[in-house]
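Remarks on the structure that follows.
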Amino acid sequence: MTPYIGDTAYPSSEPLKHGDWRDEFDVKGYVVLKNVVPKERVLYYRQKMLDWLGSFDNGFNINDRSTWTEENLPWSFKNGMYLNYCAAHEKYVWDAKQEPGVLDAFAKIWGTDELIASYDTVNITLPNAAEMGGKKPWPHVDQAPERNGMHCVQGFINLSEAGPKDGGLVVMEGSAPLFEKFFKEFPPDRTKGPLAALHYDFYPFQDEDLKWYEARGCKIVKVCAEPGDLVLWDSRQMHYAVYPETDLIRTVIYTCYTPAAWISAEDLEKKKEIFHKWEATTHWPHINIHSHGKHMIDGKLDPLEREEPLEKPEMTDKLEKLVGLKPY
């Protein structure tokens, strides 16, 4: 099977000069935009997120660390990312994703304010996440090696301090511009191994691959940010997450937008169906439209699962366009 690669629909891999933060983004493959969300809004979103985690009546108490166990928490991917329970569609999540500074950043990247949103989710990583079965770093990119040029920019709204030892994003700085060069030298084998079973917009790296990038001037960087900052990275950028070494709880809201004109009629229908079920997808807004569905335990529906968010988003004309329910 050959993946659909619509090169003619996407920007060239040759960056333009803008005279602003986009130039840094093009060179480094990521950027931290400061104070994008006002501090009072940050505090509100963070509290709503922690209230959500404590809403399952499963024994978890944010004020009692002895309750911070897997048994008392809803299931999360890698002990932090909540892909189910309608988490992606809570009102506070969509309110945060519509913050003017967030939308403006993506509009600048793509050169249009007619955007379509991903249905990705939130991350609440507790300080003891590694003790609850944390996994080793898994450096990867979230764009198929067969796709040339920049097709997607991932991001999150940072709601907690993210210092050098706090949990958060790690990138191979400068790796995005070398994406095509690396895969021209090391083309992926899609016929065998784990890549044959994975969706195309993902590629895991081995230790020797990291050395290839480092030999060309790239370096591993723990991305530091303050509450209210917006962190953006090119999906061609090698990256992974690390667990906290401090007592701070990591709280972020993932956000990703691409031009609405890029989505096909078929994928738009899939997207609408998933939205009406209040389910989450990947961070891709216009392709790879696959629902994470409901969480199952031993073939049965997780009793903590929900049919709808605790607080549904306000379906304004703006939001209906952003989520793909209404055309521009």
Assert yes or no for the condition that the ring centre distance of H140 to F202 is strictly below 6.0 Å. yes

Polar side chain donor-acceptor pair, E279 to S291, under 3.5 angstrom: yes

Has Y119 got a side-chain atom pairing as donor or acceptor with V323's backbone, closer than 3.5 angstrom? yes

hydrophobic_cluster_shared for L268 and I274, side chain cutoff 4.5 Å: no

Does atom CD (E40) have a neighbourhood of more than 12 heavy atoms from anything else shown, all under 6.0 Å? yes

Is a side-chain donor-acceptor pair under 3.5 Å present for N58 with N72? no

Are the side chains of D166 and E245 in touch, meaning some heavy atoms are under 4.5 Å apart? no

For atom CG of D207, is the number of surrounding heavy atoms from other residues, nucleotides or ligands below 6.0 Å larger than 12? no

Between D247 and K165 (salt bridge meaning N to carboxylate O under 4.0 Å), is one present in this structure? no

Using a 3.5 Å distance criterion without hydrogens, assess whether the side chain of Q47 forms a donor-acceptor pair with backbone atoms of L43. no

With the 4.5 Å side-chain cut-off for hydrophobic clustering, are V252 and M81 part of the same group? yes

Quiz question: by atom type and distance under 3.5 Å, do the side chains of S160 and T251 form a donor-acceptor pair? yes

Non-hydrogen atoms of W21 and A105 that approach each other most closely: CH2-O, 3.6 Å

P127 versus I249: any side-chain heavy-atom pair under 4.5 Å? yes

To the nearest 0.5 Å, how far apart are CG in N84 and CE in M296? 10.5 Å

For K321 and D317: C-alpha separation, side-chain torsions, deciding distance, then whether salt bridge (Lys or Arg N to Asp or Glu O under 4.0 Å) applies. CA-CA 6 Å; K321 290 176 178 176; D317 178 76; 3.3 Å; yes

Spell out, yes or no, whether F77 and Y254 are grouped together once hydrophobic residues are joined by side-chain heavy atoms under 4.5 Å, including indirect joins. yes

According to a 4.5 Å side-chain heavy-atom criterion applied to Ile, Leu, Val, Met, Phe, Trp and Tyr, with indirect links allowed, do I116 and M315 form part of one hydrophobic cluster? no

To the nearest 0.5 Å, tell me how far H276 NE2 sits from L325 CG. 5.0 Å

Kindly give the heavy-atom pair with the smallest separation between T258 and H286, and that separation in Å. OG1-ND1, 3.0 Å

For H239, which of Y30, W233, F156 qualifies under ring-ring contact (aromatic ring centres under 6.0 Å, His included)? W233

Below 6.0 angstrom between ring centroids: does that apply to Y82 and W52? yes

Please determine whether residues V231 and V27 belong to a single hydrophobic cluster, defined as Ile, Leu, Val, Met, Phe, Trp and Tyr linked transitively by side-chain heavy-atom distances below 4.5 Å. no

Can you check whether H290 reaches N288 side chain to side chain, under 4.5 Å on heavy atoms? yes

Roughly how far apart are L319 CG and D95 CG, rounded to 0.5 Å? 8.5 Å

Can you confirm whether more than 12 heavy atoms, excluding those of K219, are under 6.0 Å from its NZ atom? no

Can you name the nearest heavy-atom pair linking E307 to C86, along with the distance? C-SG, 3.8 Å

Check E90 with K48, please: is the shortest side-chain N to carboxylate O separation under 4.0 Å? no

Pairwise side-chain contact, H283 with D142, heavy-atom cut-off 4.5 Å (strictly under): yes

Please check if the number of heavy atoms outside E314 that lie under 6.0 Å from its CD is greater than 12. no

Between R41 and Y92, is NZ or CZ placed under 6.0 angstrom from the six-membered ring centre and within 45° of the ring axis? no

Full working for side chain to side chain contact (heavy atoms under 4.5 Å, CB included) between T282 and S118: CA-CA 7 Å; T282 70; S118 61; over 6 Å; no

Side chain to side chain, P227 and E161, heavy atoms closer than 4.5 Å: yes

Taking C-beta and beyond as the side chain, do P139 and P204 meet within less than 4.5 Å on heavy atoms? no

With a 4.5 Å cut-off on side-chain heavy atoms, are C152 and P285 touching? yes

Using every non-hydrogen atom in the two residues, find where V223 and V32 come nearest and quote the distance to one decimal. CG1-CG2, 3.6 Å

Please evaluate residues R22 and V31 with respect to the criterion side chain to side chain contact (heavy atoms under 4.5 Å, CB included), reporting the C-alpha separation (whole Å), side-chain torsions for both, the decisive distance (0.1 Å), and the verdict. CA-CA 8 Å; R22 287 172 289 182; V31 70; over 6 Å; no

Could you go through Y243 and K78, starting from their C-alpha distance and side-chain angles, then the distance that decides it, and tell me whether this counts as side chain to side chain contact (heavy atoms under 4.5 Å, CB included)? CA-CA 10 Å; Y243 291 118; K78 291 188 177 291; 3.8 Å; yes

D267 (side chain) donor-acceptor with I263 (main chain) under 3.5 angstrom: no

Determine whether a donor-acceptor pair (N or O, by modelled atom type, separation under 3.5 Å) exists between the side chain of D64 and the backbone of N61. no

Would a distance-only check, ignoring hydrogens and angles, find a side-chain to backbone donor-acceptor pair under 3.5 Å from D234 to V153? no

Contact summary for T255 and F106, nearest pair of heavy atoms: O-CZ, 3.5 Å

Do W262 and W284 have ring centres separated by under 6.0 Å? no

Salt bridge between E208 and K211, side-chain N to carboxylate O under 4.0 Å? no

Give the minimum heavy-atom separation between T121 and A88, together with the two atoms involved. OG1-N, 3.9 Å

Please check if the distance between the ring centroids of Y213 and F182 is under 6.0 Å. yes

In Å, rounded to the nearest 0.5 Å, how long is the span from CD of Q237 to NZ of K28? 11.0 Å

Any chance you could measure Y85, atom OH, to L83, atom CG, to the nearest 0.5 Å? 9.5 Å

Assess whether a salt bridge exists between E185 and K181, defined as any Lys/Arg side-chain N lying under 4.0 Å from an Asp/Glu carboxylate O. no

Without hydrogens or angle criteria, can the side chains of Y257 and E114 be said to hold a donor-acceptor pair below 3.5 Å? no

Do D302 and H295 have side-chain N/O donor and acceptor atoms under 3.5 Å apart? yes

Heavy atoms, side chains only, cut-off 4.5 Å: are H18 and D26 in contact? yes

Any donor-acceptor N/O pair, K294 side chain to R306 backbone, under 3.5 Å: yes

Output for pair (K97 NZ, L322 CG), nearest 0.5 Å, gives 10.5 Å

So, are K184 and E180 salt-bridged, with charged N and O less than 4.0 Å apart? no

Kindly determine whether I220 and E173 satisfy side chain to side chain contact (heavy atoms under 4.5 Å, CB included), including the steps that lead there. CA-CA 6 Å; I220 291 289; E173 184 177 293; over 6 Å; no

